[in-house]
Amino acid sequence: MFSKLLHKQGRWLVLAVPYVWLLLFFLVPFLIVFKISLSSPELAMPPYSDMFLHEGSTVQIVLNFDNYLALFRDSLYLNSYLQSLEMAAFSTLICLAIGYPLAWVIAHSDPKLRNILLMLVVLPSWTSSLLRIYAWMNILNTNGPFNDVLLALGLISEPLELLHTNTAVYIGIVYNYLPFMVLPLYSAIMKLDHTLIEAAADLGARPLKVITSVVLPLTKSGIIAGSMLVFIPAVGEFMIPELLGGPDNLLIGRVLWQEFFNNRDWPLASAVATTMLLLLVLPMLLFQRSQNEELKGEKK
Amino acid sequence: MHAFGRLSRLALTAVAAALPLAASAADEQVNFYNWANYIADDTLPNFTKQTGIKVVYDVFDTNELLETKLLAGSTGYDVVVPGSDFMARQIKAGAFMELDKSKIPNLAKLDPVIMERLAEFDPENRYGVPYMWGTTGIGYNIDKMQEIFGKDVKIDSWEFVFNPENMKKLESCGIAVLDNPTEIYATVLNYLGKDPNKATAEDFSGVATDTMMKIRPFIRYFHSSKFITDLANGDICLAIAWSGDILQARDRAQEAKNNVNVGYTIPKEGALMWLDIMTIPKDAKHADAAHKLINYLLEPKVMAANSDAVSYANAVADSWPLIKPEVRNHEGIFPPPEVAAKLFVLKPLDQKTSRVVTRSWTRVRSGR
């Protein structure tokens, strides 16, 4: 009787931990940001108006939806949302193109070597990503090692201008997020039943056909998980484009910074952030669904 | 009852014993938030040696960053150094503590002319004490300029920079501009013969932006601290930036003996002059130590050593004779009267104009 109760309680506790975590570190901060997005800017500390106006015994709630309308009045916001989505989407595709063969090779190598290779994928994350991006600034510099090597090899006659270009931003994002693509792909490929590939080949499927109708569908969950893990943080990425990118890229992270810092307009900045979050909820829901499907599949 | 009485008495003694301890422990630290590359290496260690107060030092490179932290409140800093125009707005927002002037005897050593100028931003000088001041002018790689424009090239005019023909020739060797909309727009408007303090929103979004757009294709980046290293290394050859930072690039190149020679000019049309002001945030936890630090920094010997190290002028008149001649006599640091007469200061922008300035600057930055 007692152990049954403990069992029930324990389950409740285990479930409660992630929910409390989400509530405290996701929902509450989001509600604060959402509340600020409905106020108007003021020269005060903090620099926005109060939502609740007290007058004697009446409390008025003032909601200002103009910040959301303002996002449509200037094409700047829409353009930078689109540019951010585009950059994130291409980065995800490049990560997938590099990450899939990489994960395949790791998964099919000798078990001893496999652990070392996996280690090598994760190892760079042991230093701060800010430091690693600074290292890239150095590498890609006009007078930096990358150009030195190319010049020494005679491949180019004048140093390439890489730093402060979109190419540099792509290099930075792909480099930074590649482990997040490789790890879920690796685990999906490890689960792949190789007899199925053999069976397909025995039944006369050409290699391309084997890949498109056996391998890829069976590792779909890894592809989706990896892509989401790269795409979602890449949309809001601020540090990498700021350090490696040129001034002509106008990503949403930069626009947010400007509203917040240059314009001291916390309400509008909050509206930009809330809208970005809503844009990201859609892919996250898709991710959730594919995860659920995978769980169902395993239960069978 | 008896036992409780004793216990509470015990507790009271414990609190009483802990209080002075806590107070002195709190005073042993001061958190100082200053501009990057703006102090001599030994200033703060010497302060700690003299007073026993530990300094936690942290730096920023844009006024906007400091302002946002201040307006959010609870910065944790005890001394911060906003530019004068930003300070004026922050005073209105109630961000600072009024200075206890009895704790800063060195105030007497400040130059009255500069203090009077500062009073336009901070009436009666109640909240701030000037740290250093400088100008926003042109920094350049002397040899590269002579190589590209000939031996007799003279970089003494904003016309040189705002002429797209010239900038086109410098594109490949690199041009950097401060990522600072208010200062760069003021500079452009002054070049166009307009008073930046009387400019309308249309001036910013119109002529000033158009002028910048013409040279925009040739600018490599907009940043407010990176240019020092790049100018010193020869990675860029022209920067619209702050006097002292450019002269620090010159010093770094000389130390590295890399044959890069850097020059700084205040153009003949005049330039923006700015003052950075030491203030104490309203919620500073170590206000007493903050006053001590400010007083120490105003010590003529200390201030002279700082000017020597960072190539910026200061407002402590008594320190001027102590500054080394290369700095004291550099026209870009202590401009002669005829140049100084053409310097102008910037008043804070109102919220509406400020938004137009940011939006126009976004167009300039992105080139669209």
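Chain naming here is simple, since letters A, B, ... match the order of the sequence lines and numbering starts at 1 in each.
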When every non-hydrogen atom of Pro247(A) is compared with those of Phe222(B), the smallest separation belongs to CB-CD1, 3.6 Å
Turns out that what part of Asn63(B) lies under 4.5 Å from chain A's heavy atoms comes down to neither
Whatever's closer than 4.5 Å to a heavy atom in chain B on Asn141(A) counts as side chain
Okay, Glu161(A) and chain B: the region with an atom under 4.5 Å from a heavy atom over there is side chain
Just checking Phe90(A): does its CZ atom have more than 12 heavy atoms from other residues, nucleotides or ligands closer to it than 6.0 angstrom?
no
In terms of heavy-atom pairs under 4.5 Å with chain A, the winner among Arg220(B), Arg363(B), His223(B), Lys92(B) is Arg220(B)
The interface call for Lys226(B) against chain A, heavy-atom contacts under 4.5 Å, is side chain
Honestly, the part of Thr182(B) sitting under 4.5 Å from a heavy atom of chain A is neither
Between Gln258(A) and the options Arg359(B), Arg365(B), Glu64(B), the side chain to side chain contact (heavy atoms under 4.5 Å, CB included) test singles out Arg365(B)
Under 4.5 Å to a heavy atom of chain A? For Arg89(B) that would be both
Check this for me: Tyr170(A), atom OH, are more than 12 non-hydrogen atoms of other residues, nucleotides or ligands nearer than 6.0 Å?
yes
Rounding to 0.5 Å, atoms CD (Glu67(B)) and CG (Asn262(A)) come to a distance of 9.5 Å
Fill in: Evaluation steps, side chain to side chain contact (heavy atoms under 4.5 Å, CB included), between Arg216(B) and Asp248(A)
CA-CA 10 Å; Arg216(B) 171 65 191 85; Asp248(A) 55 337; 4.3 Å; yes
For atom CZ of Phe238(A), decide whether the heavy atoms of other residues, nucleotides or ligands shown that lie under 6.0 angstrom number more than 12.
-> yes
When rounded to the nearest 0.5 Å, the distance separating CG of Asp179(B) from CD of Glu242(A) is 7.5 Å
Closest non-hydrogen atoms of Arg264(A) and Ser354(B), given as atom of the first, atom of the second and distance, are NH2-OG, 3.2 Å
Counting heavy atoms not belonging to Tyr57(B), are there more than 12 under 6.0 Å from its OH?
yes
If one checks every heavy atom of Glu42(A) against chain B at 4.5 Å, the contacting part turns out to be neither
CG (Leu76(A)) and OG (Ser366(B)) are apart, to the nearest 0.5 Å, by 8.0 Å
CG of Asn263(A) to OG1 of Thr68(B), rounded to nearest 0.5 Å, is 10.0 Å
Shortest non-hydrogen pair, Trp257(A) vs Leu65(B), comes out as CZ2-CD1, 4.4 Å
### Query
In terms of heavy-atom contacts, does CZ of Phe180(A) have more than 12 from other residues, nucleotides or ligands at under 6.0 Å?
no
Is there a side chain to side chain contact (heavy atoms under 4.5 Å, CB included) between Met45(A) and Lys282(B)? Walk through the geometry before answering. CA-CA 11 Å; Met45(A) 295 171 64; Lys282(B) 191 160 232 164; 5.6 Å; no
Here the gap from Leu71(B) atom CG to Tyr48(A) atom OH, rounded to the nearest 0.5 Å, amounts to 11.5 Å
